[in-house]
> 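Below you will find the structure I want to go over with you.
Position 1 is the first residue of the sequence; numbering continues from there. Hydrogens, waters and symmetry mates play no part in the numbers below; they use all other heavy atoms, side chains included.
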Amino acid sequence: MIRNQYRPAAQPQGRTPRQSCGQKRCMAAIKKGITHRLADRMRLLDASGITVTRETLAGFENCSVALIARFENDAKAIARRASVRSVVR
């Protein structure tokens, strides 16, 4: 018979990763990641001809409408800046 043998949990030596990273810096990185992901999805949906709303983004990104409402203004600005094209005649 095979038995599972578990090791005892290791004690952290020094600082744990959560303590070592500054909370403001980590939260800024998380916010940046979410907004850029939402902006990319907005551009993709718009290029596909799908109307971009909070509900459609929530369906495609598997996140809550409240989270999208919190970051949508920054994501819209990023998506608009990335979508601007220069047409040379």
> Hey, could you give me the CZ/CG distance between F60 and L44, rounded to the nearest 0.5 Å?
8.0 Å

> Just to verify, what does R54 make a side chain to side chain donor-acceptor pair (under 3.5 Å) with, not counting sequence neighbours?
E72

> State the CZ-CG distance between R70 and L38, to the nearest 0.5 angstrom.
12.5 Å

> Any chance you could measure R41, atom CZ, to S48, atom OG, to the nearest 0.5 Å?
9.0 Å

> Grouping I, L, V, M, F, W and Y whenever their side-chain heavy atoms are under 4.5 Å apart, do L67 and V65 come out in a common cluster?
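No, because L67 and V65 fall into different hydrophobic clusters, even though each may have its own neighbours under 4.5 Å.
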
> Salt bridge or not for K32 and D74, using N-O below 4.0 Å?
no

> Would you indicate whether the side-chain heavy atoms of R37 and D40 approach each other to under 4.5 Å?
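A side-chain contact is absent here, since even the closest heavy-atom pair is not under 4.5 Å.
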
> Indicate if M27 and I34 have the same hydrophobic cluster label, given that clusters are the connected sets of ILVMFWY residues with side-chain heavy-atom separations under 4.5 angstrom.
yes

> Can you name the closest pair of heavy atoms from S83 and R43 and give their distance?
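That would be OG-NE, 3.3 Å.
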
> Rounded to the nearest 0.5 Å, how far apart are CD1 of I78 and CG of N73?
11.0 Å

> Can you name the closest pair of heavy atoms from L57 and L45 and give their distance?
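Where L57 meets L45 most closely, the heavy atoms are CD2-CD1, 4.0 Å.
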
> Tell me, do T51 and T56 make a side-chain contact under 4.5 Å, heavy atoms counted?
no

> Could you pull out the closest heavy-atom pair between M42 and A75, with the gap in Å?
CE-CB, 3.9 Å

